[in-house]
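Down below is the structure, laid out as structure tokens.
Residues take their numbers from the sequence shown, with the count starting at 1. Since we're looking at a predicted model, the values are computed, not measured. Atoms within a ligand are numbered from 1 in the order they appear, just like the ligands themselves.
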Amino acid sequence: MAALSAEEIARYRRDGVLIPDHRVPAGRLAELRAALDEVLANNPDRRPEQLVSAHVSGTNKEGVRGHAAFLEIARDPDILDLVGQLIGQDIALWGCHIFCKPGGDGLEVPWHQDGHYWPIRPLATCTAWLALDDSTVANGCLRVIPGSQVSKTLHAHLREDRADLALNRAIDPALMDEAEAMDVELEAGQLSLHDVHIIHGSNPNRSDRRRAGVAIRFMPTTSHFDRGLFKPGAETGLHIDFATRPLWLLRGIDRCGRNDFTIGHDESVTA
Ligand SMILES: O=C(O)CCC(=O)C(=O)O
């Protein structure tokens with residue numbers, strides 16, 4: 001079992017982010033990178049920072065042609081062991097978003113809290129952000145404000161419809177201090193874990209090296225994925241449809257008893 005120490009768990013609770021001592025094996029990483037190449041080739045009309053539901057193969061209802069390799073990695077027992085120590089052993093997979101920033105023109109991800117957009121009540125999610133390329137300050141690694149999740153407050157976000165942003169909602173700058181930011185630098189195959197309430201974002205990629213990562217979204221099944229809460233795509237500028245988004249029960253049982261694990265699993269969509 002991939003295990004976090006008591007100190008690491010305490011650090012995650014305090015900071016809202018953790019880089020566990022874990023690496024995806026080289027062979028697996030190579031498969032994922034090949035799958036990424038296919039997803040990029042199959043979605044030429046979609047910005048590569050906006051590849052939502054990349055784990056759903058075929059043409060999914062959110063318009064992205066994903067790849068089963070990303071579903072496979074979401075089922076990885078080591079990753080589930082790590083996540084389970086943070087959110088409990090009843091785990092649902094509800095999302096998987098590739099953020100690939102090409103060298104030279106990779107978009108900025110504005111400072112935001114994910115919880116702002118997500119129809120999960122009570123709001124609880126751990127994201128495993130797996131680096132498919134080395135992710136560094138130079139190529140626009142993930143940045144977080146450690147501790148910003150502790151109060152579990154969702155702060156006001158402002159709408160910014162700029163073509164150079166990967167999302168169109170950004171936290172009101174008066175409500176945070178960028179000087180407190182921590183750069184989450186990772187080598188390809190490493191991952192970070194972050195809490196649903198943490199303030200995070202990333203700079204544009206001004207280097208000539210691609211920065212790709214996949215954000216795998218896990219929630220405890222004590223929470224309800226409430227499909228009716230938001231209108232499709234209304235909140236983020238992303239093409240998302242929570243009404244038809246498939247969920248997978250990966251461990252344990254559906255504790256709240258209200259999650260629907262059948263919707264969106266039409267064979268032609270997820271096969
Ligand atoms: O990959 C990035 O730069 C941003 C990731 C992000 O916003 C997320 O995982 O929620």
Return the closest protein heavy atom for atom 9 (O) of ligand 1 as residue, atom name and distance.
Arg217 NH1, 3.1 Å

Numbered atoms and elements of ligand 1 in range of His200, under 4.0 angstrom, heavy atoms
6 (C), 7 (O), 8 (C), 10 (O)

Near Ala215 (heavy-atom distance under 4.0 Å), the atoms of ligand 1 are 9 (O)

Heavy-atom contacts under 4.0 Å between His112 and ligand 1: side chain, backbone, both, or neither?
side chain

Might you confirm whether atom CZ of Arg227 has over 12 heavy atoms from other residues, nucleotides or ligands at distances under 6.0 Å?
yes

Start with the C-alpha distance between Arg143 and Asp183, add both sets of side-chain angles, then the distance that settles salt bridge (charged side-chain N to carboxylate O under 4.0 Å, His left out), and finish with yes or no.
CA-CA 5 Å; Arg143 308 184 79 209; Asp183 296 307; 2.8 Å; yes

Does only the side chain of His194 get under 4.0 Å from ligand 1, or the backbone, or both, or neither? Count heavy atoms.
side chain

Hey, does the side chain of His157 reach the backbone of Gln113 with a donor-acceptor pair shorter than 3.5 angstrom?
yes

Looking only at distances, please establish whether an N/O atom of ligand 1 is found under 3.5 Å from an N/O atom of Asp114.
yes

Is Arg211 touching ligand 1 with its side chain, its backbone, both, or neither, if touching means heavy atoms under 4.0 Å apart?
side chain

Is it true that atom CZ of Arg162 has more than 12 heavy atoms of other residues, nucleotides or ligands lying nearer than 6.0 Å?
yes

protein heavy-atom neighbour closest to atom 3 (O) of ligand 1 works out as Ser202 OG, 2.5 Å

Side-chain donor/acceptor of Gln190 to backbone N/O of Glu185, under 3.5 Å:
no

Heavy-atom neighbours of Asp21 CG exceed 12 at 6.0 Å:
no

